[in-house]
Number of protein chains: 2
Amino acid sequence: MLLTDRQLLILQVIVDDFIRSAQPVGSRSLSKKEEISLSSATIRNEMADLEEMGFIEKPHTSSGRVPSEKGYRYYVDHLLSPQVLNNQDISIIQSIFAEKIFEFETIIQRSAKILSEMTNYTSIVLGPAVNVNKLKKIQIIPLNKETAVAILVTDTGHVENRTVSLPASMDAGDLEKTVNILNDRLSGAPLSELHDKIYKEVAMLLKQHIHNYDFMLHNIAETFKVPISEKLFFAGKTNMLTLPEFHDIDKVRNLFMMIDQEEWISNLIRSKSAGINVKIGSENENSVMEDCSLITATYSAGTEKLGTIAILGPTRMEYSRVISLLQLLSRDLTSVLTRLYHLK
Amino acid sequence: MLLTDRQLLILQVIVDDFIRSAQPVGSRSLSKKEEISLSSATIRNEMADLEEMGFIEKPHTSSGRVPSEKGYRYYVDHLLSPQVLNNQDISIIQSIFAEKIFEFETIIQRSAKILSEMTNYTSIVLGPAVNVNKLKKIQIIPLNKETAVAILVTDTGHVENRTVSLPASMDAGDLEKTVNILNDRLSGAPLSELHDKIYKEVAMLLKQHIHNYDFMLHNIAETFKVPISEKLFFAGKTNMLTLPEFHDIDKVRNLFMMIDQEEWISNLIRSKSAGINVKIGSENENSVMEDCSLITATYSAGTEKLGTIAILGPTRMEYSRVISLLQLLSRDLTSVLTRLYHLK
DNA sequence: GTTAGCACTCACTTTAAACGAGTGCTAATT
DNA sequence: AATTAGCACTCGTTTAAAGTGAGTGCTAAC
């Protein structure tokens, strides 16, 4: 099942054309293209072969051909000439990092936004798993007699905060002691281990030094128990509504309902290997994603993988452009983050 | 233009029926209702009058009647019997506040989610304007030689954080001095005034005590300049897609594109007076909201208005239920927040 | 004042016909 | 042997016409 050069060319043109127009491609319109100097009849013969091999298919008997999933897969694996981005694209991507003072979350969010604007698809960014980060510092700042704010800062500069209740008997001295003990014992520990460590290592110490040991211990442990999972950012969901494949409102609704399940989409995106990853249609193993492709790219700091950026679009996606954009952005993100967080 | 009791009854039944079914209501189906013991012909006469007065209208000559905006308005103002919520509804709302340790943002977000689930409409919650809150404490926590995290805590327990660059020459002592000066001078000031105050009151002091005065001053001022506006939370956008009035994908797209403009929606929601507020269709003064009604309620801490919760639905909305839910939730929110933040 | 009856309206549904983009196959051409 | 012109055929889409039915307005009778 080897394709001739001519079949390759025809397949490529069919895919390109369909990506552009969303209309089934007929033999006559192909024969008019510059790249192809064959009669429509010859093309029909080749198309019949391509169809037999499963690369293209007909929506109905008398219509033009449409790439099948297998066709897209072949196109992505073998026919894709990486699109050279123009200077404007490049400078837009780089504008994400232009601001001097920046927040990690801001960058991630802006990345998602810009990516969706540049592609007219939906972009999804999975932030780093905060709970593998190591604790840099704990602070507890009292607001009034009963309430205080607990703040965790990680070595990556991520800040988590929770409101905690203070025991009535707690005085400023006790609070300070508690914070000191916590910092002393917990600094450097991954956030995910805080809860355990508090009971194992901090409990005793607190008991010795603090009046309202019990209440406080419990409260603090609870506060730090809440799993801090990766944050998920979306941009350009509305773009889906402009695509002809989603003119059916039920399809859109099903897709949106799936997307709203952050749990599910996190798993979908997280479990991808490093580098660029393309999942076409049913490769995503979910019926609502049948008409969608998902392209993911990971970003890192140094050698440590931090998160994923993804583009969700129709199977009829501009693979070449999207891949180039993701490559560029993930590289830039990685280099900025490496610079920022890896000089200890 | 005073309505007779019979006209009132008919109007009410028409609106109720249309809210339920989304289908134009005909005279015959009305005459079959228990509440109404009149022949269809009589009802037709009354309907003709109601139409002449502008309370109902016909989509086309030979169709049943549909409430007009004026009809909804009258219904909301005069015919609405506040729906008594059942125990299940009440306990669901109260479950929002069940958790012991809670974050303001978490509560707000959960409120939005639950509200949208209970109503099957879209809920929007506008958080408090953080920049009128007063500064409780500033902390700057160095991550490495070049970077630090600046943390602002307000008297309401809200935490803002930014990454800042440190001057190369900065040592631990300088940093501590800076933080002390900042806290000393800025505590109690509204966040919105920090930027000005830094130049007016802090600049001099820093100059006297800190080595790399210039770089630091600038950096800090910039860090605190970024306007911290009210956060906006959405839930149940997808619910719109199940409504028959939004079977037209273009309508949905226009609405979603409008909603995505946070700026715009903030203004729409913010500028409402205290208490419950109902805007029907074109009263929202935007063409994409023509088929939508927006019901808003404010929540406060003590006497200070903090934010707004809103439900966006079709003009054919279950006004009674939504108003009851919003009333309950805004009251509960207010009482919890008052308890929490008003015991200084 | 109320109601039964009837002609009328108009969106929606159904059916049939015409259209046209595209195919597969065959026979002629290169 | 590969290519192409020609032609019958398929089938979704468009257009037109006819039929259906929910609902109305009006009038005359109760």
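Just so it is clear: chains get the letters A, B, ... in the order the sequence lines come, proteins before strands, and each one is counted from 1.
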Below the 4.0 Å mark, does dG22(C) have OP1 or OP2 next to a side-chain nitrogen or oxygen of S27(A)?
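Checking dG22(C) against S27(A), no side-chain N or O comes under 4.0 Å of OP1 or OP2.
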On DNA chain C, check which nucleotide each of N45(A) and R6(B) is closest to and give me the residue with the more 5' one.
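The residue mapped nearer the 5' terminus is R6(B).
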Of S40(B) and V25(A), whose nearest nucleotide on DNA chain C comes first from the 5' end?
S40(B)
Start and end of the DNA chain D segment that chain A contacts, any atom under 4.0 Å from a heavy atom
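First and last nucleotides in contact are dT3(D) to dG12(D).
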Identify, with sequence neighbours excluded, every residue that meets side chain to side chain donor-acceptor pair (under 3.5 Å) alongside [X].
X       : result
D260(B) : T238(A), K237(B)
S39(A)  : T42(A)
S293(B) : Y319(B)

Positions of residues 58-66 of chain B (non-hydrogen atom under 4.0 Å from DNA chain D), listed by number:
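Of all residues in residues 58-66 of chain B, the ones placing a heavy atom under 4.0 Å from DNA chain D are K58(B), T61(B), S62(B), S63(B), G64(B), R65(B).
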Near-strand residues of residues 8-24 of chain A, defined as heavy-atom separation under 4.0 angstrom from DNA chain D
none
For Y74(A), all residues meeting ring-ring contact (aromatic ring centres under 6.0 Å, His included), sequence neighbours excluded
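Applying ring-ring contact (aromatic ring centres under 6.0 Å, His included) to Y74(A) gives F55(A), H78(A).
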Which residues pass the ring-ring contact (aromatic ring centres under 6.0 Å, His included) test with H247(A), sequence neighbours left out?
none
For R28(B), enumerate each residue passing the salt bridge (Lys or Arg N to Asp or Glu O under 4.0 Å) test, keeping only those at least two apart in sequence or located in another chain.
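Checked R28(B) against salt bridge (Lys or Arg N to Asp or Glu O under 4.0 Å); zero matches.
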Using whole Å, report how far CG of L30(A) lies from P of dA21(C).
16 Å
Summary of side-chain hydrogen bond (donor to acceptor under 3.5 Å, both in side chains) pairs that have at least one residue in residues 249-258 of chain A, sequence neighbours excluded
D250(A)-R253(A), K251(A)-D291(A)
Which pairs, with at least one residue in residues 42-58 of chain A and sequence neighbours excluded, count as a salt bridge (Lys or Arg N to Asp or Glu O under 4.0 Å)?
R6(A)-E46(A), E51(A)-R65(A)
According to salt bridge (Lys or Arg N to Asp or Glu O under 4.0 Å), does anything in residues 74-85 of chain A pair up with another residue at least two apart or in another chain? List the pairs.
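Counting only pairs at least two positions apart or across chains, the salt bridge (Lys or Arg N to Asp or Glu O under 4.0 Å) contacts touching residues 74-85 of chain A are R73(A)-D77(A).
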